Amino acid sequence: MNVSEGDKAVIVFSINPSNIGRIVNVAEYIGKFKDGEKFEAFGMTCEAAVHDHYWWIEADDLSIMLGPSPKAYIADSWLRKLVSPKKKVSTRSEIQLDMSMSM
């Protein structure tokens, strides 16, 4: 999965283009659903747009089909985790090679 509960993430794809690029809090895992499958989440009937894992997200400026909302559900593949620039993402190691040339 691209994100985990508690992550900050950016929306990279959305049915509503105005949500693309928005920073969200990944609040809670809902489940994995097939495209077109209906499911209940927090008293709301939802429909999976794609076969994927789904998350409940929160932000001040989300726009859903019913208008502005502080919460929405979204496919995992439509999110990318934000990594703090202070966190080291990779480590560099030096390998000493023993090379000799014979002539």
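Note that this is a predicted model, so its numbers are computed, not measured.
The backbone N or O of D61 lies less than 3.5 Å from a partner atom in the side chain of R22, making a donor-acceptor pair.
Nearest heavy atom pair, residue A9 against residue V26, reads CB-CG2, 4.0 Å. In terms of heavy-atom proximity, A59 sits nearest to I23 at CB-O, 3.7 Å. Summarising the geometry of E40 relative to T45, their closest heavy-atom pair is OE2-OG1, 2.6 Å, with the distance given to 0.1 Å. Between E5 and E28, the shortest heavy-atom distance links the atoms OE1-CA, 3.9 Å. Of all heavy-atom pairs spanning F33 and A48, the tightest one is CB-CB, 3.8 Å. Shortest non-hydrogen contact noted between N2 and S77 is ND2-CA, 3.4 Å.
Distance NZ/K38 to SG/C46: 10.0 Å, rounded to 0.5 Å. Distance check, rounded to the nearest 0.5 Å: NZ of K71 to CG of L62 gives 11.5 Å. Going from atom CG of N19 over to atom CD1 of I74 covers 7.0 Å, rounded to the nearest 0.5 Å. Note that the CG atom of L79 and the CD1 atom of I11 stand 6.5 Å from one another [nearest 0.5 Å]. A distance of 13.0 Å separates NZ of K8 from NZ of K81, quoted to the nearest 0.5 Å. One finds the CG atom of D52 at 7.5 Å from the NZ atom of K32 (value rounded to the nearest 0.5 Å).
Taking hydrophobic clusters as Ile, Leu, Val, Met, Phe, Trp and Tyr residues chained together by side-chain heavy-atom distances below 4.5 Å, I15 shares a cluster with W56. W78 and I20 end up in different hydrophobic clusters when Ile, Leu, Val, Met, Phe, Trp and Tyr side chains are linked at under 4.5 Å. Hydrophobic clustering, with ILVMFWY side chains joined whenever heavy atoms are under 4.5 angstrom apart, groups V50 together with F39. No path of Ile, Leu, Val, Met, Phe, Trp and Tyr side chains, each step under 4.5 Å between heavy atoms, connects I57 with V10, placing them in separate hydrophobic clusters.
Residues Y73 and W55 keep their aromatic ring centres 6.0 Å or farther apart.
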Going through the checks in order, is the side chain to side chain donor-acceptor pair (under 3.5 Å) test met by S14 and N16? CA-CA 5 Å; S14 175; N16 184 339; 5.7 Å; no

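L82 is not listed as a side-chain neighbour of D7, based on a closest heavy-atom distance of 4.5 Å or more.
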